[in-house]
Amino acid sequence: NALNSDSCSAMPLCGSSVDSSTKAQCKGLEAAVGGAAALAATTGSRAYPRFTGPQIAKIAQSEQEAYANCDRICLVSSFLCSLLLGAYAPIDYSDGSGMNLLDIHSRTWSAEALEYCGDDLRARLSMPVASHHPLGKVSEYFVQRYSFSPSCQLFPCTGDNPSSLAGLRLRPGDVAVSLGSSDTVFLWMSKARPGQRGHVFVNPVDPAAYMGMLCYRNGSRTRELVRDNHVELNADVETRSAQEAAARWQTEFTDCLLSTPPGNGGNLGVYFLAEEIVPLAHCVKRVDVLGAAVEGPFDKATEVRALVEGQFLAKRIHARSLGYEFGEERRVLATGGASVNKAMLQVLANVFNAPVYTLDVSESACLGAAYRAMHGFKRKQAGSLSFADALGNPPSLN
């Protein structure tokens, strides 16, 4: 009932993940800390309109009364945990890394970022905690109303992407590549070198480590369009059904890759049919073995391999730029609809110079939440326990 009260929230509505109305605050935040590179070096990302820091800054500047009346600012993750706990729950390091406010190296709030975004903001956020930090038992309300066990213990909630890393059970040095309509790369890193491309978070299962994340808009739909000789900017990259796409992965696409050699005779292409995120670009470029620009398309098979090798080379380069170290024990774990194509996985293995395994994990974020709760529970009992030791042997990889 309290949540339905007009007096519960300082504002009735808040910005969503697609809100882009805070570009002015992004520029202001970057300027306040010494530029975009400086902000990324501290918080793991340059300023993004959807991130919490710029969103808070907009409210503090334009809704001053609402900001002054605000006692606590929560992320969705910490708010959910607060409901279960019956008290304010802290923000965890990993989800807090996606706010443009947390110093991902010291695991504390950045004083410069807080100063720009709002007065007395540190008190409104409270101190962040590790993802396995015990918070206490579930509220008596849920025991009485929904028959929760009174001994049910709570640990911090986190965001969907950090939770997906936990659900995939990555180990140090692993790379997970999700090959879907858009592509996503998750990296387990012992050291971080954040830049203006991609994101670096505190690792959700090992707070001494880091998680790198790279998102690419041009994924499987772009690969299908190139295969079908439909290369043009602003092509419809998001409409083909998963069933229709899967039916052709093992035929035409495979034939094109198998009929061309690794390295593609030096021919390489960049195919950003939709405006790309990493890097921010919108173009199609082709070069030959001498590095000379090629105006027209390659033949179909060469075009397909140029696309795939170019996409995977970009992922490797961007991973290294974030601080990922290509050690001898690294593994690449592939998931998503296009991971059924073994010819493409071979290209991925060639580019990363590492074995590639496939994962069939649905709802990895939900699974990761369960894994993290289990880790927190066992760690509390044992005093100190790693995520891997708490969960035991992982499922076998293909």
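Along the sequence shown, residues carry numbers from 1.
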Colleague: Does CG in Asp299 sit with more than 12 non-hydrogen atoms of other residues, nucleotides or ligands closer than 6.0 Å?
Modeller: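 Correct, the count exceeds 12.
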
Colleague: Given side-chain hydrogen bond (donor to acceptor under 3.5 Å, both in side chains), test Tyr271 with Glu303 step by step and report yes or no.
Modeller: CA-CA 10 Å; Tyr271 302 83; Glu303 188 95 322; 2.9 Å; yes

Colleague: About how many Å separate CG of Asp174 and OH of Tyr357, when rounded to the nearest 0.5 Å?
Modeller: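 If I round to the nearest 0.5 Å, the distance is 9.5 Å.
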
Colleague: Output, in order, the C-alpha distance, side-chain angles, deciding distance and verdict of side-chain hydrogen bond (donor to acceptor under 3.5 Å, both in side chains) for Asn100 and Ser45.
Modeller: CA-CA 7 Å; Asn100 281 142; Ser45 303; 5.1 Å; no

Colleague: Check whether Tyr67 reaches the backbone of Asp119 with its side chain - one donor and one acceptor, N or O, closer than 3.5 Å.
Modeller: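 Side chain of Tyr67 to backbone of Asp119, a donor-acceptor pair under 3.5 Å: yes, one is there.
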
Colleague: Does the Lys NZ or Arg CZ of Arg379 fall within the cation-pi geometry relative to Phe387 - under 6.0 Å from the ring centre and within 45° of the axis?
Modeller: no

Colleague: Calculate, to the nearest 0.5 Å, the distance between atoms CG and CE belonging to Leu170 and Met189 respectively.
Modeller: 12.0 Å

Colleague: For Tyr210, does the six-membered ring have the charged nitrogen or CZ of Lys191 within the cation-pi criterion, i.e. under 6.0 angstrom from the centroid and within 45° of the normal?
Modeller: no

Colleague: Has Ser78 got a side-chain atom pairing as donor or acceptor with Leu75's backbone, closer than 3.5 angstrom?
Modeller: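 Here the side-chain-to-backbone pair exists.
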
Colleague: Is the shortest side-chain heavy-atom distance between Cys70 and Arg124 below 4.5 Å?
Modeller: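 With C-beta onward as the side chain, the pair touches.
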
Colleague: Might you confirm whether atom CD of Glu363 has over 12 heavy atoms from other residues, nucleotides or ligands at distances under 6.0 Å?
Modeller: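 Counting neighbours around CD of Glu363, 12 or fewer heavy atoms of other residues, nucleotides or ligands fall under 6.0 Å, so no.
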
Colleague: May I have the step-by-step check of side-chain hydrogen bond (donor to acceptor under 3.5 Å, both in side chains) for Tyr93 and Asn203, ending in yes or no?
Modeller: CA-CA 8 Å; Tyr93 294 151; Asn203 192 296; over 6 Å; no

Colleague: Could you check Lys58, Gln55, Glu30, Gln61 and say which one makes a side chain to side chain donor-acceptor pair (under 3.5 Å) with Gln25?
Modeller: Gln61

Colleague: Say you draw a straight line from CD1 of Ile277 to CZ of Arg197; how long is it, rounded to the nearest 0.5 Å?
Modeller: 13.0 Å

Colleague: Nearest heavy-atom pair of Ala274 and Asn218: which atoms, and what distance?
Modeller: O-ND2, 2.9 Å

Colleague: Examine distances only and state if a side-chain atom of Tyr116 and a backbone atom of Pro54 form a donor-acceptor pair shorter than 3.5 Å.
Modeller: no

Colleague: Would you say Phe142 has more than 12 foreign heavy atoms packed within less than 6.0 Å of its CZ?
Modeller: yes

Colleague: Which atom pair, heavy atoms only, marks the closest approach of Asp288 to Asn267?
Modeller: CA-OD1, 3.5 Å

Colleague: On the six-membered ring of Phe155, is Arg372 placed so that its NZ or CZ lies under 6.0 angstrom from the centre and within 45° of the ring axis?
Modeller: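 Ring-cation test returns no.
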
Colleague: How long is the straight-line distance from NE2 of His199 back to CG of Leu322, given to the nearest 0.5 Å?
Modeller: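 Atom-to-atom, Leu322:CG and His199:NE2 are 9.5 Å apart.
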
Colleague: Could you pull out the closest heavy-atom pair between Ser77 and Asp95, with the gap in Å?
Modeller: OG-OD2, 2.6 Å

Colleague: Could you report the tightest heavy-atom contact between Leu102 and Arg107, atom names first, then the distance?
Modeller: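 Between these two residues, the closest heavy atoms are CD1-C, 4.0 Å.
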
Colleague: Looking at Leu257, is its backbone amide N or carbonyl O close enough to the side chain of Arg305 to form a donor-acceptor pair, meaning the two atoms are under 3.5 Å apart?
Modeller: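 Flag set: sc Arg305 to bb Leu257 pair under 3.5 Å.
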
Colleague: Give the C-alpha distance, both sets of side-chain angles, the deciding distance and a yes or no for side-chain hydrogen bond (donor to acceptor under 3.5 Å, both in side chains) between Tyr324 and Arg320.
Modeller: CA-CA 5 Å; Tyr324 178 78; Arg320 184 183 292 277; over 6 Å; no

Colleague: Does CD in Glu115 sit with more than 12 non-hydrogen atoms of other residues, nucleotides or ligands closer than 6.0 Å?
Modeller: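 No - once you tally the heavy atoms of other residues, nucleotides and ligands closer than 6.0 Å, there are 12 at most.
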
Colleague: Checking Asp183 against Arg223 for the side-chain contact (heavy atoms from CB on, under 4.5 Å) test, could you report, in this order, the C-alpha distance in whole Å, the side-chain angles of both residues, the deciding distance, and whether it holds?
Modeller: CA-CA 11 Å; Asp183 290 350; Arg223 289 186 281 269; 2.8 Å; yes

Colleague: His318 side chain to Ala314 main-chain N or O, any donor-acceptor pair under 3.5 Å?
Modeller: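 Confirmed, His318 side chain pairs with Ala314 backbone.
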
Colleague: Do any N or O atoms from the side chain of Trp109 and from the backbone of Leu121 form a donor-acceptor pair under 3.5 angstrom?
Modeller: no

Colleague: Distance check, rounded to the nearest 0.5 Å: Leu179 atom CG versus Leu345 atom CG?
Modeller: 7.0 Å

Colleague: Using the six-membered ring of Tyr48, assess whether NZ or CZ of Arg50 lies under 6.0 Å from its centre and within 45 degrees of the ring axis.
Modeller: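 Yes, Arg50 and Tyr48 form such a contact.
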
Colleague: Start with the C-alpha gap between Glu252 and Lys300, add the side-chain angles, then the distance that decides, and say whether salt bridge (charged side-chain N to carboxylate O under 4.0 Å, His left out) holds.
Modeller: CA-CA 10 Å; Glu252 295 178 53; Lys300 183 175 181 176; 3.1 Å; yes

Colleague: Which residues pass the side chain to side chain contact (heavy atoms under 4.5 Å, CB included) test with Ser364, not counting sequence neighbours?
Modeller: Ser164, Leu168, Val361

Colleague: Using a 3.5 Å distance criterion without hydrogens, assess whether the side chain of Asp19 forms a donor-acceptor pair with backbone atoms of Pro49.
Modeller: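 Absent.
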
Colleague: Keeping the roles fixed (side chain from His132, backbone from Met374), state whether a donor-acceptor pair exists under 3.5 Å.
Modeller: no

Colleague: Using every non-hydrogen atom in the two residues, find where Cys81 and Leu154 come nearest and quote the distance to one decimal.
Modeller: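 Where Cys81 meets Leu154 most closely, the heavy atoms are O-CD1, 4.4 Å.
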
Colleague: Looking only at non-hydrogen atoms, find the nearest pair between Leu214 and Lys315 and report the distance.
Modeller: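 Minimum heavy-atom separation between Leu214 and Lys315: CD1-O, 4.2 Å.
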
Colleague: Enter the distance from Ser139:OG to Leu83:CG here, rounded to the nearest 0.5 Å.
Modeller: 9.5 Å

Colleague: Got a donor-acceptor contact below 3.5 angstrom from the Thr42 side chain to the Ala38 backbone?
Modeller: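 Yes.
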
Colleague: Check for me whether Arg330 meets the cation-pi criterion with Phe352, that is, NZ or CZ under 6.0 Å from the six-membered ring centre and within 45 degrees of the ring axis.
Modeller: no

Colleague: Looking at Thr52 and Met99, would you say the former's side chain and the latter's main chain have a donor-acceptor pair under 3.5 Å?
Modeller: no

